[in-house]
Each structure stands twice: as structure tokens, then as C-alpha cells.
Amino acid sequence: MCGIIGYNGKRNVKKILIEGLKALEYRGYDSAGIAISDGKNKEIIKSVGRVKALEDKVNNESKMDGLFGIAHTRWATNGGVTLSNAHPHTNGKVTLVHNGIIENSDSLKENLKKKGVKFYGDTDSEVVAALINYYYKGDALKAICDAVKDLEGSYALVIMFDGDTKLYAIRKDSPLIIGYGDNEFFAASDISALGNKVKSIVYLDTNVVAVLSQKDIKYYKDLKEVKEKIVDIKNYNFDTSKGEYKHYMLKEIMEEAQLVRCFLSKYLYSDFSEFDLTPYKYIDIVACGSAMHAGLAGKYIIEKYASIKVSVNMASEYRYEDKIYLDKEHTLIILISQSGETADTIAALREAKESGIKTLGIVNREGSTIARESDMVIMTDAGIETAVATTKAYIMQVLVLSLMGIKTSIKIGKLEKNVLDEYKKLPSLIENVYSKKEEIKDLANKVYKIDNCFFIGRLIDYAISMEASLKLKEVSYIHSECYASGELKHGTISLIENGTVVFAIITDKNIKDKTLSNLKEVESRGARGILITTDEFDIPYDLKLTLPYAEYFIEPMVVVPALQLLSYYVADLRGCDIDKPKNLAKSVTVE
Ligand code: G6P
């Protein structure tokens, strides 16, 4: 993970770098640092903690205004959270920031130590600085190219050399873009760091070195100058303000209805071929976290309506499994990812492509690795999601999968075309959920002091429960487990005590009574049940939240916003750092 930014231009370098880091903080936030230079002198300031702590330190301690600089916000992978492990890292004439993991850093470090190189910390990034410095004999470009030949793993690097006024950027398997402003140049992990300062960008190709000077940018591959494709981003929406909301998470939940409305106006009746699953007999969905949970909801919809076998896989497991494809030619691998940069999902994508299987990315970030490398792409159009816990991107992922299932069902003649009209109700159904926020807050008030809880549900209600449980635990730190209702009694029921909260999700009428029986089983062992259901049923129950009924293929997108709100209010009552929960990062670009 980690966020990096570099700047070479005429404006206030420190200000631009700190602003960039604030926008990148979602990528990691345990320590941060900045290095600025005027070509002769250099200043490095680092701090443990959030970017705000760095900003304060820079305001108090900085003694120079540089011409260019680099900055980093860290999510520790290699070496603890300490000042010496914070970036930028320096060795000899080299100072750099790094995102990624160098897998052979231990052996590289040993070799360098034998040659007399000294180290001050525990990170792989410091080893990269030392390695480049080792190769540096006055030609920065050559030193970088020689050093990266020795590296195994992933890297996005922005590098400065003492006595040189240029910045050097290079990447492999970690994202890095180059931004063109008004006579000023940027390198950054992500477009959000550049705000509206740039007009066009380059998605840097693997091992191409970008050399950013005060007047231009040049690109080199194997020491020869090359051209990179410049992409116009005039229409990119950079609005990342919190608006009237206390937290991004709440703002992003409240955007869901409108995002769904816009997406449907574009795709509901269109013949966009990417939604057509008729060429396939088998679908493997591969994703991580909430994106995987969206895939699980999609599985039930696609299997029910399009009659195609779907398996849902955690990318971190899938990439290492022995794959058995029954019919490669008719198999589709769907990679779902908000960021499009999740390392395990990218690895699964590349493996699928190598074995000749068709790939489809469902992605939120344009130009991301998964968007660029998949054979086909559907963009989820959720806009920038800033809160680390995903909300609106999840809803859009489910919407895409749901439309795929239903459009395919129409094509095979299982459903009539007019079933699509049902989707038109979705935005107002979500708005109806928003109107229940006081009721949801009341429920939050009743449960926010608990230490642990369970979510249960069957089939699509299980998929909903998985996401609800993850959302609650990640933002409120309440220990929450999700079980398929029938499975709880095979061991875990031993954890049910007097007062243990069990949320039961019931929206599917075919399995309603089964889950109700499971709820009774835990109640008779002392559990305090909370029923989350729809107004299709009239289930008498003490503690319940009743949400609007919708068709099976729409209901998850109505129920999940309510449960996202519940997690939000519980976390708020517990005083949690909702937008940046501890230990998490939004974009997991390492294994
Ligand atoms: C992290 C985030 C989750 C997200 C998962 C997959 O764990 O905290 O919210 O669901 O990564 O990320 P992706 O960008 O691939 O959807």
C-alpha cells in the first residue's frame, strides 16, 4: 500500500506535497515523510502518525523552500512503525519513496552489507535506496536501470539524487502515474493526489523511467528514450470534499441512490455486450473483501436467473490454487475491485490471461491495472471513494452483477424484457432506506456497547450478512462473525451466551422459515435476536428493522445501505475513527 507523490515545478513544493499526501492517506496512515531539495541542499522531515502530524512538524521545523520534492504516507509491511522506517529513505546520494514489496530485500541487504553499506532501519525500501546508490556512478538513469534488474517484487519509486534537479519515477506491479500541470510535473500513486492541478496524465508502463525536470518530462526504457501515451483528464471529477457530512462514509452511503440512478440511465436498456453472459458455462468471480462479498450476492442472482454456474473466490487463495477448468473456452473470470490495484486480484487476472481464459474487470478506477489489463471492463462509476470502508462501490458492483444476470436471463428467454423496469424503483427504494435513518440510529443505540455479535442468513441473505458483518467490525471494532444460518450450530453455537446479539437477515421468502428456526435455536440459548427483514413479511418480533421489499435481484442493494448506516452509527457512538479504521488501508497493493 502506501501513497507516494513527487513534484517538480514553480509552486510551493511543501504545500503541494502535503496536500497530495492528505488525498493519498487512504492508502496508509501510520507514518509519513517529505524530502525537498533545491538541487544543492536537501531537507527530510518525517513523523510517526497521520499526515496532520507531519504537516505540523513541517510547519514548525522546515528551514527551506525547495524547488522539487517527494513525499510518502506509509502502511507498514516491512519493518515496524518507527521514525527510521518512515519514508523517504536515504543512502549516499539517493533519496526515495517506495510503494510495494521487495521480496529479495534480505539477500540484497546482506550482499550490500558485505560491501560495507550501512543501514539504519528495517525496510525493504531503504535497501532499494542503498542499491541504487551502490550502482550510482554519476548517471542516475543507468543506476536506476541497473538496480531494478536486481529487484524481485513490486515497486513504485520516486527518486532524487543529490546535486541533480530532476525527479526519477519507475514502477512495476505497483501503481504510479505522471501528471502534467501548467509548467509543473507530478508523479503520484493515484490521480486523487493531483486534485485539479493537472490536465493530462500518463499511466507509466512497467520499468519505464520518467524523468521530471522543471521544464519537461522524458521517458526512457532500457536507457533509450520512448514515448508514453498521454491521457486527457479534463472531465475527471476531483470533488473529494466531505460536504455537509461528518464523515466520508456517511456522505458516500448517501450518494448511493443517485449513483444508481445515473448508472441505470446509462446501461439499463443499452446493449452493452459486456453484460452478456450467454457465451459462458462457468464463471469464476475473484476478488477481496467487500468486492468478494459483492461477488457472492452476484453469484446467487446469476445462478438463479441466468442458470450459469458461478464460483466465488478470495483472490489471495485463488491465485495459488490448482485450477481445474472444465471448459476453458466457455469460462469467464470476473475480477471485481474498487481500486483496480489489489495485488492478489491482479495476480489472479494475469494468471487467467496466461492460461487463455477470458477476463472481465468490474472496476471503479479508470486507468487502474485491472481496468487496463482485463480483456473486457465494466466501470462501476461510483466516483472517488474516500472512506476506507467501501460502501457505494460495493452497491455499484452488485448492481453490475445483477444487471448481467438479468440481461442474460432475458437473452436466453427465461425472463421477459419488461423485468428491467423493476430496476427503476431502486434509487427511490434506497432513498426510502435513508428516510429510516432515525430508526436505524435507535437500533445503533441499543447495540453499540456490545463486544461481539453474529450475523446469520441463508443464500443471498448470507451474502448480505457477510458484508454487514465485515462493515460493522471494520468501522466499529466490534467482533462480529457471519455464518450461514444452518452452519452456526455446527460448533460456533457454543459461543452463544445470555445476551449475545445475533442479527438475522431474512429477505428471501424461500428460506425465511429456515432462518427463523435458526434464530429460535440461538434465542433458546440466551441470544438477543435482531431481525432485519422486509415489508413483504409480517414477522412479529421484538427487535426488528423492516426495510422495503424489492425483487430478489434488487433487494441486496436496498438492505445493505441500511446495514452500512447501522455500522456507521454504531461506530460513531463508539467514537471510532470511522473514515480511517485502525490497521486498514483502502487499496491493498501488496500480497
Ligand atoms: C481492502 C479494503 C476493502 C476492499 C478490499 C478490496 O481490504 O479495505 O474495503 O473491499 O481491500 O479492494 P478492491 O479495491 O480490490 O475492491
Side-chain angles (χ1 to χ4, degrees), residues 1-3 24-30 75 77 99 173-175 189-192 248-249 252-253 285-298 312-319 333-350 359-374 377-401 463 466-477 560 563-564 567-568 571 576-591:
M1 273 90 76
C2 308
L24 289 171
E25 212 176 5
Y26 73 88
R27 301 177 66 89
Y29 35 84
D30 55 38
W75 187 84
T77 49
N99 171 33
D173 295 342
S174 284
S189 304
D190 186 311
I191 202 165
S192 58
Y248 282 106
M249 181 177 176
E252 287 161 5
I253 297 170
I285 293 180
V286 186
C288 301
S290 295
M292 200 251 304
H293 296 160
L296 200 56
V312 180
N313 304 269
M314 290 175 234
S316 53
E317 290 284 307
Y318 186 83
R319 59 183 292 190
I333 300 194
I334 301 182
L335 299 306
I336 309 177
S337 175
Q338 187 283 127
S339 62
E341 299 294 352
T342 301
D344 287 316
T345 315
I346 293 173
L349 162 67
R350 289 183 179 157
T359 56
L360 167 75
I362 298 178
V363 179
N364 195 43
R365 300 306 291 263
E366 231 176 296
S368 60
T369 305
I370 296 176
R372 280 181 292 143
E373 294 189 14
S374 301
V377 186
I378 300 177
M379 301 304 300
T380 46
D381 292 352
I384 290 182
E385 198 179 54
T386 304
V388 165
T390 181
T391 52
K392 58 180 180 171
Y394 166 92
I395 296 296
M396 302 309 284
Q397 290 160 352
V398 178
L399 179 58
V400 168
L401 293 163
M466 288 286 281
E467 179 55 12
S469 172
L470 177 65
K471 208 57 34 195
L472 183 69
K473 78 179 121 191
E474 67 183 332
V475 296
S476 75
Y477 314 142
V560 173
L563 296 170
Q564 290 169 344
S567 300
Y568 171 78
C576 298
D577 192 352
I578 297 181
D579 288 331
K580 294 192 184 81
K582 68 174 150 62
N583 301 338
L584 296 186
K586 186 154 190 69
S587 181
V588 183
T589 56
V590 292
E591 254 193 76

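Just so you know, ligand 1 is whichever comes first in the structure, and atom 1 is the first atom listed for that ligand. Numbers for residues simply follow the sequence, beginning at 1. Note that the structure is predicted; figures quoted are calculated from it, not measured.
Here the heavy atom of the protein found nearest to atom 4 (C) of ligand 1 is S290 N, 4.2 Å. Looking only at heavy atoms of the protein, atom 8 (O) of ligand 1 is closest to A585 O, 3.3 Å. Remark: minimum distance from atom 7 (O) of ligand 1 to any protein heavy atom is reached at V588 CG2, 3.9 Å. The nearest heavy-atom contact from the protein to atom 16 (O) of ligand 1 is Q338 N, 2.7 Å. Among protein heavy atoms, atom 2 (C) of ligand 1 sits closest to K586 O, 3.6 Å. Protein heavy atom at the shortest distance from atom 6 (C) of ligand 1 is C288 O, 3.4 Å.
The pair R365-E341 does not meet the salt-bridge criterion, since no charged nitrogen lies less than 4.0 angstrom from a carboxylate oxygen. In this structure, K392 does not pair ionically with E385, as no charged nitrogen and carboxylate oxygen lie closer than 4.0 Å.
I191 CD1 to L24 CG: the interatomic distance, rounded to the nearest 0.5 Å, is 11.5 Å. Atom OH of residue Y248 and atom CD1 of residue I578 lie 14.0 Å apart, to the nearest 0.5 angstrom. Note that the CE atom of M379 and the CD atom of E366 stand 5.0 Å from one another [nearest 0.5 Å]. Distance check: K580 NZ to T386 OG1 gives 9.0 Å after rounding to the nearest 0.5 Å.
Proximity to S337 (heavy-atom distance under 4.0 Å) selects the following atoms of ligand 1: 13 (P), 14 (O), 15 (O), 16 (O). Atoms of ligand 1 lying under 4.0 Å from any heavy atom of A291, numbered from 1 in the order shown and given with element: 10 (O), 16 (O).
In terms of heavy atoms, V475 sits closest to S567 at CG2-O, 3.7 Å.
Not a single N or O atom of Q397, backbone or side chain, sits closer than 3.5 Å to an N or O atom of ligand 1. Checked by distance only, ligand 1 and T342 come closer than 3.5 Å through their nitrogen or oxygen atoms.
Summarising the contacts of atom 14 (O) of ligand 1 with A287, A315, A294, S339, the nearest heavy atom is found in S339.
Look at A389 and you'll find every heavy atom at least 4.0 Å from all atoms of ligand 1. The shortest heavy-atom distance from V388 to ligand 1 is under 4.0 Å.
Side-chain contact between T380 and V400 is present, with heavy atoms from C-beta onward closer than 4.5 Å. In this structure, P175 and R27 have side chains that are in contact, with non-hydrogen atoms separated by less than 4.5 Å.
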